[in-house]
Amino acid sequence: MDTQKKIREHISALSDGELAAIDLELAFAALRAADGEQAWSTYHRIGDVLRAQASPELSDDFNHRLSAKLALEPAHAVRRAPAPAQSEPEKASAKKVATTS
């Protein structure tokens with residue numbers, strides 16, 4: 001993972017109040033740079049929009065640009081762990097409990 005991406009993730013987590021204490025120093029240092037300030041502002045604007053409290057300084061095409069950026073994000077498949085196989089005695093026991101309940 002590149003450093004800039006990691007820094008943006010730290011800033012995002014900080015803006016959500018979810019950054020681990022061990023990463024605070026790095027995030028605060030990143031906020032001193034112009035791109036860190038811009039990322040902070042962007043993440044707060046996104047949060048405002050998600051909470052339906054859009055800030056008045058959003059440009060007319062903000063929604064279009066945000067949609068385009070979100071479309072470029074990779075899809076994350078939800079993977080569920082397979083259920084452990086039950087032995088025949090376990091199946092019988094589970095069946096018996098289910099019928100007596």
Side-chain angles (χ1 to χ4, degrees):
M1 178 179 294
D2 71 34
T3 304
Q4 289 301 318
K5 183 175 181 180
K6 189 67 172 174
I7 288 172
R8 286 189 305 272
E9 287 179 359
H10 281 25
I11 293 172
S12 176
L14 178 64
S15 70
D16 292 337
E18 297 178 357
L19 185 64
I22 194 167
D23 296 319
L24 286 173
E25 186 176 349
L26 175 63
F28 289 144
L31 289 174
R32 290 187 205 112
D35 58 337
E37 288 180 25
Q38 182 181 11
W40 178 260
S41 176
T42 299
Y43 292 131
H44 277 282
R45 286 182 181 183
I46 291 169
D48 289 345
V49 169
L50 292 174
R51 289 183 301 277
Q53 299 171 357
S55 33
E57 65 272 2
L58 295 176
S59 65
D60 292 336
D61 64 341
F62 176 81
N63 189 36
H64 175 71
R65 289 190 330 242
L66 178 60
S67 295
K69 285 187 177 190
L70 288 175
L72 296 174
E73 289 291 319
H76 298 283
V78 176
R79 295 185 181 154
R80 296 180 188 202
Q86 290 183 333
S87 67
E88 288 304 317
E90 289 174 325
K91 287 180 186 177
S93 175
K95 193 178 218 182
K96 184 177 181 180
V97 169
T99 57
T100 60
S101 298

With a 3.5 Å distance limit and no angle check, can you tell me whether D2 reaches the backbone of K5 through a side-chain donor-acceptor pair?
yes
I11 and side chain to side chain contact (heavy atoms under 4.5 Å, CB included): which single residue from L31, L19, L26 fits?
L31
Do Y43 and D16 make a side-chain contact, defined as non-hydrogen atoms from C-beta onward lying under 4.5 Å apart?
no
Is Q38 atom CD crowded by more than 12 heavy atoms from other residues, nucleotides or ligands, each under 6.0 Å away?
no
Tell me whether the count of non-hydrogen atoms from other residues, nucleotides or ligands lying under 6.0 Å of CG in L70 goes above 12.
yes
Identify the heavy atoms of R32 and E37 that sit nearest to each other, and give their distance.
O-OE2, 4.0 Å
F62 reachable from L50 in the ILVMFWY side-chain graph, under 4.5 Å edges:
yes
Considering only heavy atoms from C-beta outward, does the side chain of D35 approach that of I7 to under 4.5 Å?
no
When rounded to the nearest 0.5 Å, the distance separating CG of D23 from CD of E9 is 10.5 Å
Looking at S12 and R8, would you say the former's side chain and the latter's main chain have a donor-acceptor pair under 3.5 Å?
no
